[in-house]
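See below for the structure under consideration.
Here is how names work: the chains are called A, B, and so on, in the same order as the sequence lines, proteins then strands, and each is numbered from 1. Predicted model only: the values in this text are computed from it and were never measured.
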Number of protein chains: 2
Amino acid sequence: MVQVKTDPRVVRTRKLIMDSFIKLSESKEFRDITVKDITTEAMINRATFYYHFEDIYDLLEKALSEVLLINLNSAEYEHKKLDEDVFNHLFKAVTDFQQSLSNRCHRGYEDTIAQIIRDQLEVVFNKMLKAQYGLEKEETLKTTAVMLSWGLYGASLEWKRNGTAAPEEFLKTATPFLLHGLQFDLQK
Amino acid sequence: MVQVKTDPRVVRTRKLIMDSFIKLSESKEFRDITVKDITTEAMINRATFYYHFEDIYDLLEKALSEVLLINLNSAEYEHKKLDEDVFNHLFKAVTDFQQSLSNRCHRGYEDTIAQIIRDQLEVVFNKMLKAQYGLEKEETLKTTAVMLSWGLYGASLEWKRNGTAAPEEFLKTATPFLLHGLQFDLQK
DNA sequence: CGGGATGTGTCGCTTATCCGACACTCCGGA
DNA sequence: TCCGGAGTGTCGGATAAGCGACACATCCCG
């Protein structure tokens with residue numbers, strides 16, 4: 001976890017770009033937002049944008065990842081056990097995130113967004129699993145994290161599809177089963 | 001009035017510095033504020049500060065000038081006649097400005113601040129006089145502006161000293177006399 | 001069909017900002 | 001008295017940001 005100190009200008013500029021993008025995406029659809037729009041809003045040069053991001057899709061990924069990560073980290077899961085409570089919190093964070101997106105009109109980019117969500121979930125699961133079951137094989141934990149992230153994401157889609165119950169209630173029946181199975185497998 | 005376009009980085013950085021200074025001066029006295037404090041708050045390098053300002057006193061002058069100028073320009077005096085109404089507005093702006101300063105604890109720098117106020121007033125008076133009496137000699141207008149700025153500033157001190165009446169009322173008796181004298185002199 | 005308008009991604013050069021270091025001053029305590 | 005810490009102002013070299021220009025793609029309108 002060695003953080004090489006990054007140039008303050010970089011931090012400032014990336015924040016300017018991200019904030020401008022998020023602000024613009026509240027009033028425009030993603031496909032109507034140009035690089036020029038963003039750089040004008042952020043008061044930076046267009047070339048500087050390309051210094052930090054491949055293109056506007058790259059920005060979409062990184063911006064959404066950051067927003068989602070803030071949601072996910074709000075409870076500092078790293079110091080907690082991976083129990084039913086944490087699971088439900090993560091689920092709530094994901095559904096909240098998707099809710100906020102549907103207000104911001106990113107239609108046509110569901111696949112990209114889905115992948116972002118799973119990636120970020122995988123990161124969180126990985127951290128927690130390593131902290132809790134650090135003695136297990138790296139591969140085992142990684143694969144477990146992958147499955148958990150896909151599972152949680154799938155559940156969020158299922159919840160959206162027939163969105164009757166509150167997110168807090170939705171998983172109540174499934175989590176205990178999943179977690180006990182999980183602990184059985186890993187602690188063997 | 002040829003505005004050479006300034007580098008956006010310069011605009012951004014100067015704003016960062018000014019805002020940080022104003023923010024700090026709300027919680028600290030001027031003599032307790034260091035350059036380091038400002039640059040840390042503004043998230044810029046200390047050397048960059050010296051790229052834009054001579055020292056912290058230079059910043060004080062420029063920051064206060066800017067704040068005051070915003071007050072003074074709020075009514076866009078350039079397009080107005082120099083009548084009693086404008087005079088009272090300017091007076092109000094100056095007393096408001098001094099009021100806001102006394103909350104921000106710049107004790108010991110009254111002389112500097114007084115000069116800033118008079119300078120800015122002089123600029124405003126000069127603009128208005130030129131627009132209105134452009135045919136008169138440059139020197140005549142300049143001297144008039146000087147006298148008006150000193151006069152208005154002096155009046156604001158007088159008002160502070162025995163601050164019984166509202167600023168709006170304070171000049172009521174004096175302005176008509178001053179203005180009619182003024183118009184008599186210049187229109188000859 | 002053609003051409004103008006708009007957006008994209010890249011380039012070389014200039015300039016503002018960052019960084020670390022330096023010498024200097026001031027000041028309170030050992 | 002001397003010392004160390006904290007603040008100031010300046011320097012040279014490295015690097016991010018700005019600028020204008022370019023080639024290319026797309027789209028729309030006459």
Side-chain angles (χ1 to χ4, degrees), chain A residues 2-64 66 105-109 112, chain B residues 2-64 66 105-109 112:
Chain A
V2 190
Q3 272 296 357
V4 271
K5 49 189 171 184
T6 64
D7 193 315
R9 286 173 287 184
V10 174
V11 177
R12 190 158 53 239
T13 302
R14 292 176 76 99
K15 179 164 170 50
L16 281 172
I17 294 176
M18 295 258 189
D19 290 349
S20 302
F21 175 61
I22 289 174
K23 182 174 177 191
L24 283 174
S25 69
E26 285 167 5
S27 59
K28 278 187 179 185
E29 293 211 24
F30 175 71
R31 65 165 159 277
D32 293 332
I33 298 177
T34 71
V35 174
K36 189 82 177 48
D37 291 338
I38 295 168
T39 57
T40 301
E41 171 78 25
M43 291 189 298
I44 59 147
N45 194 275
R46 204 166 55 86
T48 306
F49 175 91
Y50 290 103
Y51 184 88
H52 292 280
F53 302 96
E54 288 261 330
D55 51 31
I56 205 169
Y57 302 98
D58 185 32
L59 170 62
L60 175 68
E61 287 182 29
K62 287 174 178 162
L64 293 188
E66 184 167 283
C105 303
H106 291 287
R107 280 197 300 270
Y109 298 91
T112 309
Chain B
V2 190
Q3 273 296 357
V4 270
K5 50 189 171 185
T6 64
D7 193 315
R9 285 172 288 184
V10 173
V11 178
R12 192 158 53 240
T13 301
R14 292 176 75 98
K15 179 164 171 49
L16 282 173
I17 294 176
M18 296 257 189
D19 289 350
S20 302
F21 175 62
I22 290 175
K23 183 175 178 189
L24 283 175
S25 69
E26 285 167 5
S27 59
K28 276 188 182 185
E29 292 212 23
F30 176 71
R31 64 165 159 278
D32 294 332
I33 298 177
T34 71
V35 175
K36 188 82 178 51
D37 291 338
I38 295 168
T39 56
T40 302
E41 172 77 25
M43 290 188 299
I44 60 147
N45 194 274
R46 204 165 55 86
T48 306
F49 175 92
Y50 291 102
Y51 185 88
H52 292 280
F53 302 95
E54 288 260 331
D55 50 31
I56 205 170
Y57 301 98
D58 185 32
L59 170 62
L60 174 68
E61 288 181 30
K62 287 175 178 161
L64 292 188
E66 184 168 284
C105 304
H106 290 288
R107 279 197 301 269
Y109 298 92
T112 308

[X] [atom1] - [N] [atom2] separation (whole Å):
{"X": "B/L59", "N": "D/dT8", "atom1": "CG", "atom2": "P", "result": "12 Å"}
{"X": "B/D7", "N": "D/dG20", "atom1": "CG", "atom2": "P", "result": "11 Å"}
{"X": "A/I44", "N": "C/dA16", "atom1": "CD1", "atom2": "C1'", "result": "15 Å"}
{"X": "B/K36", "N": "C/dG20", "atom1": "NZ", "atom2": "P", "result": "12 Å"}
{"X": "B/F49", "N": "D/dT10", "atom1": "CZ", "atom2": "P", "result": "11 Å"}
{"X": "B/F53", "N": "D/dT8", "atom1": "CZ", "atom2": "P", "result": "15 Å"}
{"X": "A/D32", "N": "C/dT8", "atom1": "CG", "atom2": "P", "result": "11 Å"}
{"X": "A/R31", "N": "D/dC27", "atom1": "CZ", "atom2": "C1'", "result": "16 Å"}

* Asked: If you round to the nearest 0.5 Å, how far is CD1 of A/I17 from CD1 of A/I44?
  -> 3.5 Å
* To do: Measure the CD-CZ distance between A/E54 and A/F49 for me, rounded to the nearest 0.5 Å.
  => 10.0 Å
* Asked: Is B/T13 reaching over with its side chain to a backbone N or O of B/V10, donor-acceptor style, under 3.5 angstrom?
  -> no
* Which part of the nucleic acid does A/R14 contact within heavy-atom distance under 4.0 Å: base, sugar-phosphate only, or nothing? -> nothing
Quick one: is [N] close enough that its OP1 or OP2 comes under 4.0 Å of any side-chain N or O from [X]?
{"X": "A/R12", "N": "C/dC18", "answer": "yes"}
{"X": "B/Y51", "N": "C/dA16", "answer": "yes"}
{"X": "A/Y50", "N": "C/dG9", "answer": "yes"}
{"X": "A/N45", "N": "D/dC19", "answer": "yes"}
{"X": "A/T13", "N": "D/dA16", "answer": "no"}
{"X": "A/H52", "N": "D/dA16", "answer": "no"}

* Please figure out whether A/I56 or B/A47 has its closest DNA chain C nucleotide nearer the 5' end. => A/I56
* Distance-minimising heavy-atom pair for B/F21 and B/L60 -> CZ-CD1, 3.9 Å
* Asked: When you match A/V10 and A/R46 each to their closest nucleotide on DNA chain D, which lands nearer the 5' end?
  -> A/V10
* Structure fact -> Per nearest nucleotide of DNA chain D, the residue lying toward the 5' end, B/T34 or B/R9, is B/T34
* **Stepwise side chain to side chain contact (heavy atoms under 4.5 Å, CB included) test for B/T48 and B/H52** => CA-CA 7 Å; B/T48 306; B/H52 292 280; 4.0 Å; yes
